[in-house]
Number of protein chains: 2
Amino acid sequence: MIEVKIGNGMAVTDTPVAHIECFDCPIRHRAVCARCETDELEALEAIKYYRTFDAGQTVIWSGDRMDFVGSVMEGIATLSQTMEDGRTQMVGLLLPSDFVGRPGRESAAYDVTATTQLTMCCFRRKPFEELMIRTPHIGQRLLEMTLDELDAAREWMLLLGRKTAREKIASLLAIIARRDATLKLGPTRGRIVFDLPLTREAMADYLGLTLETVSRQISALKRDGVIVLEGKRHVTVPDFDRLLGETGDDSDGGMPA
Amino acid sequence: MIEVKIGNGMAVTDTPVAHIECFDCPIRHRAVCARCETDELEALEAIKYYRTFDAGQTVIWSGDRMDFVGSVMEGIATLSQTMEDGRTQMVGLLLPSDFVGRPGRESAAYDVTATTQLTMCCFRRKPFEELMIRTPHIGQRLLEMTLDELDAAREWMLLLGRKTAREKIASLLAIIARRDATLKLGPTRGRIVFDLPLTREAMADYLGLTLETVSRQISALKRDGVIVLEGKRHVTVPDFDRLLGETGDDSDGGMPA
DNA sequence: CGCAAGCTTGAGTATTATCAAACGAAGTGG
DNA sequence: CCACTTCGTTTGATAATACTCAAGCTTGCG
């Protein structure tokens, strides 16, 4: 273990990771480098390094100088904003292959936190920006990913502005369930089983609720048989369509048209 | 006046507009074409056309086939989503130079509505997409604009999830005031005067409130001297810092860091 | 003039937040 | 091994914010 100082002086334990060749990278076909040719991958290879974080650790604080951009390799991170008085709102959930940072921006705009064990593939920012100018494939893919994120953010605006607490919880469970099923190549209908990667408090920050309301609504969904819980985190959805019916979205699940 | 049929059969009055040369375009330096060279502008010129809409008219409905993308030239439009039971949430406010549509997407993802008299500069979608491949300047600018929109969306998520009704109204007024001041090259401190481009209902849809709550909070801000109203739409802010103090943001106005 | 649209205000209600207490699991130190 | 703590969570009682339903007010227009 190596002690590393980041921006505001907070000490973070940063474990060295075996270097993976881009060619063998598990997120290669979905990340910002998805469209890169072999020579372009080599250029990225030269400016990349890995960092890992434990669950709960902060990757970077809003306002801190940010000398890298990068991709989530493994694990889950969150983007959040905090008001002066402490109210916080999560504004992004970062999954493997998602991109962190904005080329051209000096400092972080949001707090980035690992909610599980997290591995990131980081690129030094300046060289990455120079590479982007020479390599349209990177910018093209980043545009595509950013447009997708914008759609997701707008979907989330509907949830935050107009859904009830129960619908919010159901929507979050549906999103996690669907993603988990896709990842494991399982079905996205019928019985689905997964683990919640978020605490009740993180869910509350994501949904614009208090953690008590989250807890109560989860209990209510459990009582009504929409979900079955083993422990606090292990969820079984006996009938995914039933869950979708609780989200308030139309039956296709509320994907942007 | 020409009668034009759009996607779902709704008739829209569509006024022909004198063709403006890109070179003379008032939004040229801020729109998606901002980085284009002379020859690139000529290529855009060849595939562009203007359309105008009256206040209240729908530009396109979510799910409708969309054969164009384009920029707002003049006026204001909104992007919104509607749930089955009629609850609606505005997810974007489109101002002059803002871009509408997503290259590569066949159908509209949101309802687009003109809230004032609106002029749009439209590009036929297919030729635009082909042009984008040959012209990195367009994609680069679109990436920049999309990243800005994503930041704005995330700022709005904080508002929707965590701010009180009063803070929401104050935030909206501050955003409109600031923009108006910037546009008119006025001060962004002290006394600011502007017109609201939105009805109370549109404000409610933007803020995730009911129109009654919007009305009450505007009355409250008026009673407390934070704003002065002449009629329903003409607003005077005697002390912009005072208004900012009501938004819940830190004093810099809550711009993303 | 009378109507419609947009807006304001009031009364009562409901949903969610707040404050408070207590539980279970995991980890620590005596 | 067993208190003892801590963290995440659940649940209850109460309060507050915003919603719903309803009435009535301006303003502009046919």
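Below, chains carry the letters A, B, ... as their sequence lines are ordered, and counting in each starts from 1.
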- [ ] Return the value, rounded to whole Å, for the distance between atom CG of Leu229(A) and atom P of dA25(C).
- [x] 14 Å
Open item on the list: Can you identify which nucleotide, out of dT16(C), dT8(C), dC19(D), has its nearest atom closest to the Arg200(B) side chain?
Closed with: dT8(C)
Task: Under 3.5 Å: donor-acceptor pair, side chain of Arg162(A), backbone of Leu209(B) - done: yes
Task: Side chain proximity check, Asp98(A) to Leu93(A), heavy atoms < 4.5 angstrom - done: no
Task: Ile169(A) CD1 - dT10(D) C1' separation (whole Å) - done: 14 Å
Open item on the list: What contact category does Ser215(B) fall into here, base, sugar-phosphate, or nothing, at under 4.0 angstrom with non-hydrogen atoms?
Closed with: base
Task: Any Arg166(B) side-chain N or O less than 4.0 Å from OP1/OP2 of dA18(D) - done: no
Open item on the list: Has Asp85(A) got a side-chain atom pairing as donor or acceptor with Arg87(A)'s backbone, closer than 3.5 angstrom?
Closed with: yes
TODO: Name the closest nucleotide to the Ala165(A) side chain, picking from dT16(C), dT9(D), dT10(D).
DONE: dT16(C)
Task: Student check: side-chain heavy atoms of Met66(B) and Val100(B) closer than 4.5 Å - done: yes
TODO: Grab the CG-C1' distance between Leu211(A) and dC19(C) for me, whole Å please.
DONE: 12 Å
Open item on the list: Taking the nucleotide of DNA chain D with the nearest heavy atom to each, does Val214(A) or Arg162(A) sit closer to the 5' end?
Closed with: Val214(A)
TODO: Could you check whether Gly208(A) gets within reach of a base, just the sugar-phosphate, or nothing at all, counting any heavy atom under 4.0 Å?
DONE: sugar-phosphate
Open item on the list: Name the residue from Val112(A), Asp54(A), Val59(A), Thr52(A) that meets the side chain to side chain contact (heavy atoms under 4.5 Å, CB included) definition with Leu118(A).
Closed with: Val59(A)
TODO: From the options dT10(D), dT20(D), dT8(C), select the nucleotide whose nearest atom is closest to the side chain of Thr210(B).
DONE: dT20(D)
TODO: Rounded off to whole Å, could you give me the CD-to-C1' distance for the Glu201(B) and dC19(D) pair?
DONE: 15 Å
- [ ] Side chain of Thr213(A) only, please: which of dT8(C), dA17(C), dT9(D) is the nearest?
- [x] dA17(C)
Open item on the list: Taking 4.0 Å as the cut-off, does a side-chain nitrogen or oxygen of Ser219(B) come that near to OP1 or OP2 on dT9(C)?
Closed with: yes
Open item on the list: Distance check needed: dC7(C) P versus Glu230(B) CD, whole Å only.
Closed with: 17 Å
- [ ] Could you work out which one of dT9(D), dT9(C), dA20(C) sits closest to the side chain of Glu212(A)?
- [x] dA20(C)
TODO: Grab the CG-C1' distance between Leu196(A) and dT9(D) for me, whole Å please.
DONE: 13 Å
Open item on the list: Heavy-atom nearest nucleotide on DNA chain C for Arg216(A) versus Lys232(A): which residue maps closer to 5'?
Closed with: Arg216(A)
Task: Atom pair distance, as rounded to whole Å: CD1 in Ile218(B) and P in dT8(C) - done: 6 Å
- [ ] Send over the distance from Arg87(B) CZ to dT20(D) P, rounded to a whole Å.
- [x] 9 Å
